[in-house]
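Below is one structure, written out as structure tokens, with a few remarks after it.
Just so you know, ligand 1 is whichever comes first in the structure, and atom 1 is the first atom listed for that ligand.
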Amino acid sequence: MSSATSVSSPSTKLYGGQAGRRVTVRDLAAAKERGERWPMVTAYDAMTAHVFDSAGIPVLLVGDSAAMVVYGYDSTLPVSVDDLLPLTAAVVRGSSRALVVADLPFGSYQASPQQALESAARFMKEAGAHAVKLEGGHRVLPQVEALVSAGIPVMAHLGLTPQSVNVFGGYRVQGRGQSGDELMADAKALEHAGAFSVVLECVPAELAKRVTGSLSIPTIGIGAGPDCDAQVLVWQDLMGLTERPAKFVKKYFDLAGEMDRAVRAFADEVTTGAFPTAEHSYR
Ligand SMILES: Nc1nc(=O)c2c([nH]1)NC[C@@H]1CN(c3ccc(C(=O)N[C@@H](CCC(=O)O)C(=O)O)cc3)CN21
Ligand SMILES: CC(C)C(=O)C(=O)O
Ligand SMILES: [Mg+2]
């Protein structure tokens with residue numbers, strides 16, 4: 001696409017520039033080499049995936065946050081591979097340019113490298129995902145190595161790993177003080193094991209900056225300050241659908257307010273008889 005036809009797209013090679021092909025993990029590595037930042041958003045269905053894909057978002061994450069924003073649970077722990085597979089398949093069908101990453105849910109990879117391989121293979125074969133993501137550091141290195149050996153790109157996730165909320169005792173900032181050194185060691189070990197990127201969630205900005213400068217793979221921040229290579233947000237948070245978003249969320253739209261206004265207008269027109277008119281009827 002020429003710059004004349006993509007007026008609203010920033011001039012980066014990751015944004016819709018590669019006519020007709022998906023973004024790959026190699027493109028993301030090259031972006032870091034060029035010092036180019038990129039956005040990632042979550043998606044859980046085909047129509048929102050299509051909007052974000054058309055806008056040039058290079059990576060879509062089918063997060064296990066679906067447990068909370070799609071299924072209504074109060075943590076990410078209850079969802080299974082079977083719950084997330086159809087959402088992942090829908091996001092792949094709704095997109096054509098983005099790399100689609102499937103979040104491996106709680107209990108689908110911790111037991112063994114073999115379990116991780118079986119779960120990841122289902123997301124790739126049954127839903128068409130291009131990569132998987134899992135939470136944790138040294139404890140999941142054997143899983144990361146097994147997946148990478150099998151040809152599956154792995155996105156790692158450190159800091160506030162929500163599947164461990166019961167160990168943390170709530171959704172709290174991680175990596176302050178001494179534990180920052182452990183996080184740095186985990187990040188380096190994940191890179192060495194072959195992860196292609198690492199999400200840093202709710203960690204001090206200074207630590208995220210140090211990790212980003214120490215790794216050759218891209219860091220993707222969420223509540224991790226401005227110096228990561230990429231940033232991710234849950235789409236319902238950035239669009240203003242979430243009721244009590246975390247401090248790291250910037251609200252770019254009032255979707256809850258706009259939907260409230262629209263559905264009330266529809267309800268009023270139905271009760272008054274103003275809708276439908278001949279324009280929306282068949283003769
Ligand atoms: N809608 C949504 N957005 C998310 O970003 C998200 C989910 N759901 N579900 C899975 C996890 C849970 N996440 C969360 C949830 C809450 C906080 C939160 O409220 N944090 C406190 C920080 C407290 C402290 O200072 O330690 C905050 O006030 O922001 C953070 C991450 C991130 N993930
Ligand atoms: C917030 C991102 C990183 C995530 O893991 C999810 O949406 O599940
Ligand atoms: Mg997740």
Side-chain angles (χ1 to χ4, degrees), residues 38-45 48-49 52 57 59-81 83-84 87-88 91 99-110 119-120 123 129 131-136 140 154-177 179-180 183 190 195-205 207-208 218-225 228-253 255-256:
W38 46 273
M40 175 165 97
V41 294
T42 64
Y44 315 95
D45 66 82
T48 50
F52 304 148
I57 300 294
V59 187
L60 297 175
L61 172 68
V62 187
D64 62 342
S65 49
M68 300 168 80
V69 299
V70 174
Y71 289 108
Y73 295 110
D74 65 1
S75 81
T76 59
L77 304 194
V79 284
S80 64
V81 172
D83 292 327
L84 297 182
L87 310 189
T88 308
V91 169
L99 179 87
V100 177
V101 181
D103 217 0
L104 296 182
F106 178 63
S108 75
Y109 62 92
Q110 289 89 346
S119 300
F123 279 106
V132 300
K133 176 167 109 25
L134 48 70
E135 297 183 6
V140 297
V154 177
M155 180 178 285
H157 185 162
L158 293 172
L160 198 182
T161 46
Q163 293 174 16
S164 299
V165 63
N166 293 301
V167 173
F168 299 144
Y171 297 110
R172 305 167 185 286
V173 174
Q174 302 296 313
R176 286 199 170 122
S179 70
L183 191 148
L190 287 161
F196 75 87
S197 60
V198 56
V199 170
L200 301 176
E201 177 164 349
C202 286
V203 301
L207 174 63
T219 60
I220 306 159
I222 173 164
C228 295
D229 299 300
Q231 296 288 331
V232 58
L233 285 175
V234 168
W235 82 256
Q236 289 90 345
D237 293 351
L238 79 97
M239 296 296 177
L241 199 54
T242 307
E243 264 185 47
R244 266 171 249 87
K247 173 184 153 74
F248 58 72
V249 171
K250 180 172 176 181
K251 188 172 149 180
Y252 289 85
F253 190 62
L255 187 56

Go through ligand 2 atom by atom and flag the ones less than 4.0 Å from a non-hydrogen atom of [X].
{"X": "G63", "value": "6 (C), 7 (O), 8 (O)"}
{"X": "T42", "value": "7 (O)"}
{"X": "D103", "value": "4 (C), 5 (O), 6 (C), 8 (O)"}

Which residue supplies the protein heavy atom nearest to [atom], what is that atom called, and how far is it?
{"atom": "atom 2 (C) of ligand 1", "result": "D237 OD2, 3.5 Å"}
{"atom": "atom 6 (C) of ligand 1", "result": "V234 CG2, 4.1 Å"}
{"atom": "atom 15 (C) of ligand 1", "result": "Y171 CG, 3.6 Å"}
{"atom": "atom 1 (C) of ligand 2", "result": "I222 CD1, 3.7 Å"}
{"atom": "atom 11 (C) of ligand 1", "result": "P162 CG, 3.5 Å"}
{"atom": "atom 32 (C) of ligand 1", "result": "E201 OE2, 2.8 Å"}
{"atom": "atom 7 (O) of ligand 2", "result": "S65 OG, 2.6 Å"}
{"atom": "atom 25 (O) of ligand 1", "result": "V173 CG2, 3.8 Å"}
{"atom": "atom 9 (N) of ligand 1", "result": "M68 SD, 3.1 Å"}
{"atom": "atom 29 (O) of ligand 1", "result": "K247 N, 2.8 Å"}

note = d(L233 CG, K251 NZ) to nearest 0.5 Å is 14.0 Å
What heavy-atom pair brings [X] and [Y] nearest, and what distance separates the two atoms?
{"X": "M40", "Y": "V199", "result": "CE-CG2, 4.3 Å"}
{"X": "D229", "Y": "P218", "result": "OD2-CA, 3.3 Å"}
{"X": "G63", "Y": "L84", "result": "O-CD2, 4.2 Å"}
{"X": "I57", "Y": "L60", "result": "CG2-CD2, 4.1 Å"}

ask   = So, S119 side chain and S108 main chain: donor-acceptor pair closer than 3.5 Å or not?
value =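 Side chain of S119 to backbone of S108: a pair is present.
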key: T242 (side chain) donor-acceptor with R244 (main chain) under 3.5 angstrom   =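 Checking the backbone N and O of R244 against the side chain of T242, no donor-acceptor pair under 3.5 Å is found.
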Element-labelled atoms of ligand 1 that are located less than 4.0 Å from some non-hydrogen atom of [X]:
{"X": "R172", "value": "26 (O)"}
{"X": "T76", "value": "10 (C)"}
{"X": "I222", "value": "5 (O)"}
{"X": "A246", "value": "17 (C), 18 (C), 19 (O), 29 (O), 30 (C)"}
{"X": "V69", "value": "1 (N)"}
{"X": "L160", "value": "30 (C), 31 (C)"}

ask   = Would Y44 and T88 count as having a side-chain donor-acceptor pair, cut-off 3.5 Å?
value =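 Checked: Y44/T88 side chains show no N/O donor-acceptor pair below 3.5 Å.
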message = Under a 3.5 Å threshold, yes or no: a donor from one side chain and an acceptor from the other, between Q163 and Y109?
response = yes
request  = Look at ligand 2 and say whether H157 reaches it with a heavy atom at a distance under 4.0 Å.
outcome  =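 Checking ligand 2 against H157, which is what was asked, there is a heavy-atom contact under 4.0 Å.
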ask   = Of all the heavy atoms in K133, does at least one lie under 4.0 Å from an atom in ligand 2?
value =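 In this structure, K133 qualifies as a contact of ligand 2 - some heavy atom is under 4.0 Å.
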inquiry  = Can you tell me which portion of D64 lies within the under-4.0 Å heavy-atom range of ligand 2? Options are side chain, backbone, both, or neither.
reply    = both
request  = Taking the side chain as every heavy atom from C-beta outward, state whether M68 and T76 have any pair of such atoms under 4.5 Å apart.
outcome  = yes
ask   = In D103, which N, O or S atom comes closest to the Mg ion (ligand 3)?
value =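 The closest N, O or S atom of D103 to the Mg ion (ligand 3) is OD2.
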query = Quick check: does D64 have an N/O/S atom under 2.8 Å of the Mg ion (ligand 3)?
reply =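 So D64 counts as coordinating the Mg ion (ligand 3), yes.
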note = atom 2 (C) of ligand 2: of V232, L61, T161, the nearest heavy atom sits on L61
